[in-house]
Amino acid sequence: DDLRDALTRRYDANKLAAALGVSRARLATAAGVSSDALRRRPAGLRAQVGLTAVARVVRAARTLVGPRGLATWLRSPVRALGDETPLALV
């Protein structure tokens, strides 16, 4: 899985942020952890619950729009979301 740390196999905040095209601070908000925690330990155990939830969204969106379409989809208004962008709701 390209979203996981190679050594620990835990989700890696840096890889998730890159996949989403967002800052680590924005990812921290979505994952419900502090940005300092993700900076110090991008694959830390305490962050795994939140990072796992975000990773599920990334994998589902990749399935729907493809890896290259993910960033575009996140920033495009979706009628089913009240014309909000998915990223605005994260």
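Everything numeric here is computed off the predicted structure, so don't read it as measured data.
- Atom OG1 in T52 sits 11.0 Å away from atom CZ in R10 (nearest 0.5 Å).
- Both V65 and V58 are members of a single hydrophobic cluster when ILVMFWY side chains are connected at heavy-atom separations under 4.5 Å.
- Summarising the geometry of A25 relative to S35, their closest heavy-atom pair is CA-CB, 3.9 Å, with the distance given to 0.1 Å.
- Take R24 and apply the side chain to side chain donor-acceptor pair (under 3.5 Å) test, not counting sequence neighbours, and it matches N14.
- A heavy-atom distance below 4.5 Å is not found between the side chains of D5 and P42.
- One distance of note links CG of D2 with CZ of R62; it measures 4.5 Å at 0.5 Å rounding.
- More than 12 heavy atoms of other residues, nucleotides or ligands lie within 6.0 Å of CZ in R75, so this atom counts as buried by the packing criterion.
- A heavy-atom distance below 4.5 Å is not found between the side chains of V49 and V33.
- Note that CZ of R41 and CG of D36 are 12.0 Å apart. Values are rounded to the nearest 0.5 Å.
- When all heavy atoms of A19 and L3 are compared, the pair lying nearest together is CB-CD2, 3.8 Å.
- In this structure, CG on L16 lies 9.5 Å from CG on L38, to the nearest 0.5 angstrom.
- Among all heavy-atom pairs drawn from Y11 and R4, the shortest one is OH-NH2, 3.0 Å.
- Rounded to the nearest 0.5 Å, atoms CZ (R56) and CG (L51) are 12.0 Å apart.
- Tracing side-chain contacts under 4.5 Å through hydrophobic residues (I, L, V, M, F, W, Y), one reaches V78 starting from L70; they form part of the same cluster.
- In terms of modelled atom types and a separation under 3.5 Å, the side chain of R26 and the main chain of L87 share a donor-acceptor contact.
- Closest heavy-atom contact between S76 and P86: O-CD, 3.3 Å.
- Atom OG in S34 sits 6.0 Å away from atom CZ in R40 (nearest 0.5 Å).
- In the displayed structure, L64 atom CG is contacted under 6.0 Å by more than 12 heavy atoms of other residues, nucleotides or ligands.
- At least one side-chain heavy atom of L20 sits less than 4.5 Å from a side-chain heavy atom of V54.
- Heavy-atom neighbours of R68 CZ from other residues, nucleotides or ligands within 6.0 Å: at or below the threshold of 12.
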